[in-house]
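For reference, the structure is listed below as structure tokens.
Predicted model, so just to flag it, every value in this text is computed and none were measured. Both counts, for ligands and for their atoms, begin at 1 and track the order of listing.
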Amino acid sequence: MRILVVEDDSVLRDGLSRSLRNAGYAVETADDGRLADQLLSVHSFDLVVLDLGLPGLDGLEVLRRLRRRASAVPVLILTARDNVADRVNGLDVGADDYLVKPFELAELEARVRALVRRAQSAATARINHGALTLDTAARRAFVGEAALD
Ligand code: CA
């Protein structure tokens, strides 16, 4: 499991990385929106923890570009307590969940686990046997590409 942590506050970034590494994830970090955008366009991650207030490129813009590239990677955004508009925009632009600063690392870890679990169950929703496919999420069956009634 590879996680990208995007946060310009070095104390918070180090704390997040350490706690996620201790929880068994491979963690990469970016302290700037432009770097995050570059990393996300070149590498694949299983989850992104994304601060919205970033130098270089705003976190919302990083998220917008990520979704424009049709990436479905789960994104957990970090926002300031008083900024409801940011949270709403973040979810509208394609974030999967958010945490309001300051937060407990235990809560962040729990939300990360939930997002990873959700992404894995979406990926395993299709069961194949020979030419037969059962999509358990959509509750539909296919033979090859042809849908069954
Ligand atoms: Ca920030």
Within 6.0 angstrom of R18 CZ, more than 12 heavy atoms from elsewhere:
no
Is it true that some N/O/S atom of L78, main chain or side chain, lies under 3.0 Å from the Ca ion (ligand 1)?
no
Between A30 and L39, which heavy-atom pair has the shortest distance, and what is it?
CB-CD1, 4.1 Å
Answer key: the N, O or S atom of D51 nearest to the Ca ion (ligand 1) is OD2
Considering only N, O or S atoms of D8, the one closest to the Ca ion (ligand 1):
OD1
Worked check of salt bridge (charged side-chain N to carboxylate O under 4.0 Å, His left out) between R64 and D58:
CA-CA 10 Å; R64 213 173 273 126; D58 183 62; 5.8 Å; no
Residue pair V100 / R87, side-chain heavy-atom distance below 4.5 Å
yes
